[in-house]
Amino acid sequence: MFVVTVNFIIKPDDMQRFMPLMLENARVSLEVEQGCLQFDVCTDPSRSNEVFLYEVYQDKAAFTDIHLKAPHFVAFDSAVADMVASKEVRTFEQVVQ
């Protein structure tokens with residue numbers, strides 16, 4: 001398993017435009033990307049301009065070779081670029097015991 005977390009800070013007044021695009025990206029990722037196992041979009045009302053993603057992929061290649069190159073992701077990333085004040089991406093691999 002390969003886990004990706006993303007923490008977005010959205011510019012003031014852009015959240016209403018950002019969220020539909022984000023939710024569509026998550027939906028399509030789950031529907032069409034082989035190896036995308038989970039894609040959660042999370043918010044906290046006390047931090048109204050923050051969006052946290054928790055994504056689980058079958059392996060690293062499912063993220064780097066499929067998700068990041070998928071037409072819907074490329075379009076999403078371009079569409080929201082001006083709405084994002086900051087973006088922190090972290091990746092994790094499952095520890096097998």
Side-chain angles (χ1 to χ4, degrees):
M1 299 267 220
F2 188 75
V3 174
V4 179
T5 64
V6 184
N7 195 57
F8 287 99
I9 304 298
I10 306 305
K11 292 178 183 177
D13 302 321
D14 282 336
M15 188 63 103
Q16 286 188 350
R17 290 189 313 136
F18 178 85
M19 283 305 291
L21 297 170
M22 179 73 262
L23 293 171
E24 178 68 3
N25 178 56
R27 183 188 68 75
V28 175
S29 295
L30 281 167
E31 285 182 6
V32 305
E33 291 177 23
Q34 184 175 1
C36 182
L37 307 176
Q38 183 172 342
F39 198 125
D40 298 335
V41 180
C42 308
T43 61
D44 182 333
S46 69
R47 296 186 308 273
S48 61
N49 67 328
E50 186 175 338
V51 178
F52 176 79
L53 307 182
Y54 181 78
E55 305 169 43
V56 180
Y57 296 88
Q58 182 176 340
D59 52 31
K60 185 176 182 177
F63 176 68
T64 59
D65 297 341
I66 298 173
H67 178 68
L68 294 181
K69 296 175 182 176
H72 68 272
F73 173 77
V74 173
F76 161 79
D77 199 42
S78 176
V80 302
D82 290 340
M83 301 176 206
V84 177
S86 70
K87 175 182 174 181
E88 179 186 10
V89 179
R90 298 180 72 194
T91 60
F92 304 87
E93 293 190 30
Q94 183 178 17
V95 177
V96 178
Q97 298 181 1

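When a residue number appears, it is its place in the shown sequence, counting from 1. The structure presented is a predicted model; accordingly, all values stated were derived computationally and were not measured.
Legend: residues meeting salt bridge (charged side-chain N to carboxylate O under 4.0 Å, His left out) with D14, ordered by chain and number and at least two apart, are R17. Applying the side-chain contact (heavy atoms from CB on, under 4.5 Å) test to A61 and every residue at least two apart in sequence or in another chain returns D59, D65. With sequence neighbours excluded, the residues satisfying side chain to side chain donor-acceptor pair (under 3.5 Å) with Q38 are D40.
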If you look only at distance, which donor and acceptor atoms sit under 3.5 Å apart when one is on a side chain in residues 28-37 and the other is two or more places apart or in another chain?
residue, atom, partner, partner atom, Å
S29, OG, N25, O, 2.7
S29, OG, E33, OE2, 3.2
S29, OG, H72, NE2, 3.1
E31, OE1, R27, NH1, 2.8
E31, OE2, R27, NH1, 2.8
E33, OE1, H67, ND1, 3.0
E33, OE2, H67, ND1, 2.8
E33, OE2, H72, NE2, 2.8

With a cut-off of 3.5 Å and sequence neighbours excluded, list every side-chain donor-acceptor pair involving residues 41-48.
residue, atom, partner, partner atom, Å
D44, OD1, S46, N, 2.8
D44, OD1, S46, OG, 2.9
D44, OD2, S46, OG, 3.4
D44, OD2, R47, NH1, 3.2
R47, NE, E50, OE1, 2.8

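Both F18 and L23 are part of a single hydrophobic cluster, where members link through side-chain heavy atoms under 4.5 Å apart. Under a hydrophobic-cluster definition in which Ile, Leu, Val, Met, Phe, Trp and Tyr are linked whenever side-chain heavy atoms come within less than 4.5 Å, directly or via other members, F52 and V89 are assigned to different clusters. Note: the hydrophobic cluster containing F76 does not contain I9 (ILVMFWY, side chain heavy atoms under 4.5 Å, direct or indirect links). Cluster annotation: F2 is not connected to V56 through the hydrophobic network of ILVMFWY side chains, with a link wherever side-chain heavy atoms come within less than 4.5 Å. Placement of L21 and V4 within a single hydrophobic cluster is found when ILVMFWY residues are connected by side-chain heavy-atom separations under 4.5 Å, directly or transitively.
Across all non-hydrogen atoms, the minimal contact from A26 to F39 is CB-CD2, 3.2 Å.
At a threshold of 4.5 Å between non-hydrogen side-chain atoms, the residues V80 and M22 do not count as touching. Within the 4.5 Å cutoff, side-chain heavy atoms of I10 are placed close to those of V84. Within the 4.5 Å cutoff, no side-chain heavy atoms of T91 are placed close to those of K60.
For the salt bridge (Lys or Arg N to Asp or Glu O under 4.0 Å) condition, the pairs that include at least one residue of residues 81-97, sequence neighbours left out, are D77-K87.
Between atom CZ of residue F73 and atom CG of residue L68 there is a gap of 5.5 Å, rounded to the nearest 0.5 Å.
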List the steps and the verdict of side chain to side chain contact (heavy atoms under 4.5 Å, CB included) for V51 and M19.
-> CA-CA 9 Å; V51 178; M19 283 305 291; 3.8 Å; yes
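In K11, the NZ atom is crowded: over 12 heavy atoms of neighbouring residues, nucleotides or ligands sit closer than 6.0 Å. Surrounding CE of M1 are at most 12 heavy atoms belonging to other residues, nucleotides or ligands under 6.0 Å away.
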